[in-house]
K.L.:
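The structure under discussion is supplied below as structure tokens; questions concerning it will follow.
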Amino acid sequence: MSRTSVPPRRARTALLAAGALVLAGLGAVSVMQSPASAAGLQCSVGYSVNDWGGGFTANVSVTNAGTTAIDGWALTYAYSGNQTLTSGWSANWTQSGKNVTVTNLDWNKTLAPGGSTSFGGNFNYSGTNTAPTAFAVNGTPCNGGTSTGSPTPTPTDSTSPSPSPSTSTPPATGDLVDNPYVGAGVYVDPEWSAKAAAEPSGTKISNQPTAVWLDRIAAINGANGSMGLRAHLDEAVKQAAGKPLVVQLVIYDLPGRDCSALASNGELGPTDIDRYEHEYIDPIATILSDPAYKDLRIVNTIEPDSLPNLVTNVSPRPTATPACDVMKANGNYVTGVGYALAHLGGVGNVYNYLDAGHHGWIGWDDNFAPTAQLMHQAATTSGATVDDVQGVIANTANYGATTEPYFTIDDTVNGTSVRQSKWVDWNRYVDEQTYAQAFRTAMVTAGFNSSVGALIDTSRNGWGGANRPTGPAAKTTLDGYVDGSRTDRRFHLGNWCNQSGAGIGERPKAAPAVGIDAYVWVKPPGQSDGASSAIANDEGKGFDRMCDPTYTGNVRNGNSMSGALPNAPLAGHWFSAQFQELLKNAYPAL
Ligand code: BGC
């Protein structure tokens with residue numbers, strides 16, 4: 001694509017360097033502590049900083065260098081200056097005067113021999129930011145040689161007596177590319193692929209890349225026997241085989257999730273922001289920062305539907321829901337998205353794309369710029385900066401056509417704009433591509449880097465099959481023209497659940513159009529949007545009548561029929577009939 005400005009991560013490095021101090025390499029200094037040689041507990045501590053002058057992030061790791069497990073740990077060290085803790089993650093951080101104490105969380109309590117864990121903290125300071133040189137774990141000094149000034153220590157070989165520094169130093173930041181999809185393969189999720197391949201004709205698409213949804217805390221380690229994040233990343237390293245590979249993740253577990261609907265309500269209640277940050281985002285950030293994965297290009301879709309809901313489904317709008325009013329008032333969507341951006345974006349090889357709903361939701365003037373502005377607010381909250389955002393994704397898990405080939409927003413019928421038709425209803429856009437391109441520009445206006453790009457989820461927006469128009473309809477009446485020309489055959493643009501008549505859309509593709517980084521398959525075809533009747537479950541999922549084919553609708557879909565397929569299982573569960581429907585109606589045809 002034709003974006004010409006510097007990549008965001010480079011822009012940030014340049015900015016930092018222009019500030020108070022110029023640091024070696026990519027702005028990090030590191031201190032390695034070698035293991036204590038005394039018997040009993042043996043430890044090594046890695047300490048490196050990303051310093052922007054007046055403040056810094058300390059990336060710290062503790063390695064068990066002994067031969068017995070450490071079960072519960074407290075790291076202590078002291079600063080010589082006025083460094084002041086502002087926030088910490090992946091451990092409990094406290095400070096008393098110059099002394100800093102960091103203790104384990106439940107999930108990183110045990111360190112097997114040779115095992116390590118990484119965590120981080122943000123600090124303010126003035127004057128000089130001298131790195132601490134003495135660390136202790138459970139009171140035992142991790143003494144030994146000290147080295148400074150090497151941001152990326154070379155891994156030691158297996159005969160080295162000291163633990164490999166590669167386990168205690170996060171990957172270098174600074175080498176994000178403009179469009180991660182260009183020149184790269186994309187990870188094929190073996191679990192989805194196997195399910196698709198087991199369907200009749202499923203092998204037509206089973207080798208396509210789809211996203212991995214981290215839709216609950218348990219998904220990080222693998223819920224119900226399925227692959228966890230590390231298992232996916234290990235498999236991705238194999239698939240990469242030394243070449244660039246994008247791995248697509250969906251970050252999806254905000255407190256009070258899915259506030260305008262019920263089908264994808266989540267496990268965390270509206271006020272569970274601490275759990276979101278420390279039991280969900282922190283462990284993901286820790287895994288992603290494992291140097292074993294530093295060559296993967298991690299692309300995150302950040303929290304589908306969350307910020308758009310705060311724009312459109314809140315009081316005094318007629319579309320308001322009590323749950324969205326709660327999430328707006330308590331700020332936890334904005335806080336959580338900011339936290340996710342800051343902590344995932346802090347990993348050097350992560351690309352974050354914020355979710356912008358789809359054109360049939362945010363494409364109206366009242367919703368469009370306010371969504372971009374709210375994204376900017378989130379991207380400057382909880383320590384995030386615009387450099388933590390590489391773009392926007394449109395149509396996640398939705399059905400809006402990528403392009404409408406037979407009519408445009410500028411068409412008129414007998415002098416009246418198609419914007420006045422029932423279907424368009426004053427929207428500014430008729431398809432996802434024109435929407436995503438314009439939204440990208442709106443983000444730049446709102447303060448994001450000019451290098452941001454857009455993704456479009458094309459997994460289920462194909463609209464082929466027998467009912468697809470083959471050309472523009474006659475311009476006899478306004479609604480007749482629009483309804484006869486549109487390829488999107490939904491009853492209403494607001495319909496979102498297991499849509500009847502939908503097909504597989506454009507195959508995943510890098511840089512397909514100006515401003516578009518890629519067509520991607522984020523919603524895995526064959527996974528349900530929601531159950532068509534109430535089903536008891538332990539995932540927090542509710543029953544939304546938008547998934548019931550007999551439902552006659554609500555204010556958010558113009559009181560239209562839901563258009564949903566019958567007999568659907570819970571959101572995320574395999575729905576064979578939908579998979580078949582999607583294959584049948586694929587466009588382009590398979
Ligand atoms: C569900 C998730 C699922 C995702 C992908 C969402 O609607 O709530 O549980 O992982 O879809 O299928």
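It should be emphasised that the depicted structure is a prediction, and the values quoted were computed from it without experimental measurement. The analysis underlying the following values was restricted to heavy atoms, covering all of them including side chains, and did not include hydrogens, waters or symmetry mates. Every number for a ligand or one of its atoms is a count from 1 in the order of the listing.
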K.L.:
Measuring from the heavy atoms of Glu539, does anything fall under 4.0 Å of ligand 1?
P.N.:
no
K.L.:
Please list the nearest protein heavy atom to atom 6 (C) of ligand 1 with its residue and the distance rounded to 0.1 Å.
P.N.:
Ser264 OG, 3.6 Å
K.L.:
Just going by heavy-atom distances, which of Lys523, Arg216, Gln527 is nearest to atom 11 (O) of ligand 1?
P.N.:
Lys523
K.L.:
Take a 6.0 Å sphere around CG of Asp365 and say whether it holds more than 12 heavy atoms from other residues, nucleotides or ligands.
P.N.:
yes
K.L.:
For ligand 1 and Ser528, I'd like to know whether there is a polar contact (N/O to N/O, distance under 3.5 Å).
P.N.:
no
K.L.:
Are side-chain N/O atoms of Glu404 and Thr487 paired as donor and acceptor at under 3.5 Å?
P.N.:
yes
K.L.:
Decide whether Asn352 and Asp388 meet the rule of one side-chain donor and one side-chain acceptor closer than 3.5 Å.
P.N.:
no
K.L.:
Quick check on contacts: which atoms of ligand 1 are under 4.0 angstrom from a heavy atom of Gly572?
P.N.:
3 (C), 12 (O)
K.L.:
Side-chain contact test, heavy atoms from C-beta onward, threshold under 4.5 Å: evaluate it for Ile251 versus Thr301 and give yes or no.
P.N.:
no
K.L.:
Considering non-hydrogen atoms of the protein only, which is the closest contact for atom 10 (O) of ligand 1, and what is the distance?
P.N.:
Asp215 OD2, 3.3 Å
K.L.:
Spell out, as yes or no, whether a donor-acceptor pair under 3.5 Å connects the side chain of Arg230 to the backbone of Gly228.
P.N.:
no
